[in-house]
Amino acid sequence: MWLYALRRLLMTIPILLGVTIICFALVKLAPGDPVQNLVRPETPPEDIAKLRAYYGLDQPVVIQYFVWLWRVLSGDLGTSIANNAPVASEVLRAFQNTIVIALISVVLAFFASMGLGIIAATRQGGLVDRFVTAIAVFGISVPTFWLAVVLVIVFAVNINWLPATGMGSGGSHDFNYFDWEDFKFAVMPIIALALPPLGIMTRTTRSALSEILNQDFILTLRAKGLSEFSIIITPCATSCPGLSPCWVCNWATSSAARCWWKRSLPGQAPASCSTRPSSPATSRCCRARSWCSPRCSS
Amino acid sequence: MNEMRSPDTLASEPHGATVEPYVRVKDLTVRFVSREATVKAVNGVSFDLDKGQVLCVIGESGSGKSVMMRSLLRLHPKKRTVIEGSMRVGADEITSVSDKKMSELRGSTISMIFQEPMTALDPLYTIGDQIAETVMRHEKIDRDAAWKRALELLELVRVPSPERRLKAFPHELSGGLRQRAMIAVALSCRPSILLADEPTTALDASVQIQVLVLLRKLQREMGMSMIFVTHDLGVAAQIADKVAVMYAGRIIEYGEARDVLMHPQHPYTKAMLSSTVKDQDKGKPLEAIAGTPPDLRALPDGCSFAPRCKYAGPDCKVAMPDPLIDGRGHMVRCSKVRVMGGLLMFDEGMARPETALEPA
Ligand SMILES: Nc1ncnc2c1ncn2[C@@H]1O[C@H](COP(=O)(O)OP(=O)(O)OP(=O)(O)O)[C@@H](O)[C@H]1O
Ligand SMILES: [Mg+2]
């Protein structure tokens with residue numbers, strides 16, 4: 001079983017490599033020259049050549065790729081050509097705001113969907129199953145931005161329990177989950193962020209688990225005298241495909257729910273970078289995506 | 001009802017009335033209830049089984065054999081299933097023991113081998129894991145000891161190079177080996193009764209014989225009782241002490257293997273025996289039983305075989321005949337059969353009411 005899990009994990013390596021190659025190639029193929037964009041039109045060619053050499057852009061593409069890959073793997077995401085700041089810290093700054101709400105949404109959606117999915121799968125056709133399904137379908141089909149606005153109208157405007165916008169006094173740096181003064185700002189974003197993945201993962205868990213529970217060998221397990229609990233938990237732990245935290249990260253970085261987050265909007269950093277062809281920053285976006293996507297989005 | 005003694009009083013007579021059979025199933029009915037229909041899969045099955053005996057259950061597809069077997073382990077979905085009657089195994093009444101006790105009985109006292117070795121094993125665990133899991137569940141021993149036991153079991157069921165097979169996943173084994181592994185799982189806690197639901201049907205002919213011989217040998221060595229479901233009358237003749245013939249959820253004929261297979265009384269048993277390929281002249285066309293098995297959602301009032309029976313008269317359509325038992329414990333449910341000189345006799349022209357006048 002561990003071997004199986006390990007094999008599945010190892011299989012992501014070639015996929016990740018493939019994604020990096022494609023992303024890198026896309027950036028290379030995109031029109032526009034990063035160095036040309038940096039300098040004034042009248043700059044002499046030898047200066048441009050120097051800059052190229054400085055950024056390593058005079059090397060063959062294959063070498064560039066491997067140099068980049070090596071640096072990325074060793075944690076160096078490069079320097080943004082656009083604003084000369086290290087990409088890593090730029091990402092971090094933008095990411096921190098997201099992380100504050102994404103992290104807890106991940107945990108919430110993950111465990112809640114697992115629990116709900118198991119409950120639904122083991123009581124198929126029952127009232128509980130229908131109730132869970134209703135929640136899940138609601139989560140999937142309601143657009144986050146709409147839900148966000150409704151939440152604001154209800155909880156912030158109408159009954160005034162929670163703040164409509166903003167972030168605790170400390171910002172993302174000193175955000176304290178255990179201090180209500182900070183946390184109250186995060187409550188609605190977390191709910192809005194967690195609900196769609198929760199819906200999808202609940203559905204996935206339910207269908208995956210009920211498929212497994214209908215297989216012949218489950219009868220064998222019962223006939224062997226194993227408890228109902230261990231029969232249900234084992235497939236969940238080993239092969240339920242719906243339970244991927246990456247999915248939620250992906251969701252969080254692209255979702256509109258962060259519109260409450262007052263300071264830097266996480267989605268903005270990638271967007272502003274990619275409008276200018278600044279290779280390191282763009283490929284950083286690609287990398288962040290590739291980290292999120294392999295075999296996880298199901 | 002005076003002349004129709006129940007099978008248990010008869011069975012226990014030779015040993016003296018004090019000996020209780022190890023397994024006693026009485027008036028077992030199983031119904032699956034859904035919104036659309038109620039499927040009456042088992043309709044009053046009774047039999048006894050002593051320690052170390054083999055009961056073969058034969059009958060066509062859909063006659064409720066598997067359902068009956070699963071009821072003995074209470075494996076049916078609880079909500080949709082209504083089980084009535086009594087099933088006693090050893091000292092435990094299966095219909096009323098707690099869930100916890102039931103899961104203790106499963107795999108240790110009563111175990112089961114399934115029809116499909118291809119799908120009955122968990123694809124994500126090695127053979128060794130699956131055997132050891134059962135041992136650890138029931139005998140509270142540690143992993144190493146359980147694996148040692150698993151190795152012994154694979155040797156017991158004659159799996160070649162057992163050390164290697166212990167670490168193999170089910171898909172790495174052939175059908176025959178998988179069924180052996182399945183048998184090893186079933187035998188891992190030395191059950192006192194083994195339920196084998198067509199364990200050889202999915203295997204090819206030569207492997208069938210091997211597995212069968214192995215099962216019979218292990219059953220004798222371990223002194224287990226065994227209920228063996230099969231379509232194959234040859235198999236039944238080979239390994240059975242007792243044979244029960246099922247039709248539409250009822251046992252319509254039951255008795256010593258020799259009696260039932262050599263001197264069948266029920267038209268269904270007769271027809272089934274004559275529709276097998278074995279021991280028939282080459283030129284003679286095979287006799288298939290005409291018609292189809294009844295719909296278990298709406299059983300006919302009378303004998304459930306009557307619509308297909310060439311001897312059926314009007315009286316057959318009235319009620320299911322009660323069991324009739326001769327001095328040897330041979331039971332049959334057919335209104336055309338009567339007891340003569342301690343033996344069952346099929347009499348085509350006879351109708352049931354006259355039997356009642358017959359001195360017992
Ligand atoms: N869980 C269930 N719900 C509803 N009906 C069922 C269920 N299990 C079995 N049945 C029905 O009960 C009847 C008897 O099935 P069973 O599997 O016992 O037949 P069988 O004698 O074992 O046949 P085979 O020789 O093909 O294995 C069938 O008509 C089947 O459709
Ligand atoms: Mg069956």
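Below, read A as the first sequence line, B as the second, and so on, with proteins coming before strands; counting in each chain starts at 1. Small disclaimer: the values here were computed from a predicted structure and weren't measured.
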> Of the backbone (N, CA, C, O) and the side chain (C-beta and beyond), which part of B:M118 lies under 4.5 Å from a heavy atom of chain A, both, or neither?
Replying inline: neither

> Parallel, tilted or perpendicular for B:F32 and B:H76, by the 30°/60° rule?
Replying inline: perpendicular

>> Is B:L121 in contact with chain A via its backbone, its side chain, both, or neither, using a 4.5 Å heavy-atom distance?
In response: backbone

> Side chain, backbone, both or neither: which part of B:R74 has an atom under 4.5 Å from a heavy atom of chain A?
Replying inline: neither

> Distance only, no hydrogens: is a donor on one side chain within 3.5 Å (strictly under) of an acceptor on the other, for B:S161 and B:R165?
Replying inline: yes

> Counting only heavy atoms not in B:K40, do more than 12 sit closer than 6.0 Å to its NZ atom?
Replying inline: no

> Is the A:W68 ring parallel, tilted or perpendicular to the A:Y65 ring (thresholds 30°, 60°)?
Replying inline: tilted

>> Counting heavy-atom pairs under 4.5 Å with chain A, which one of B:D99, B:I113, B:D122 comes out on top?
In response: B:D122

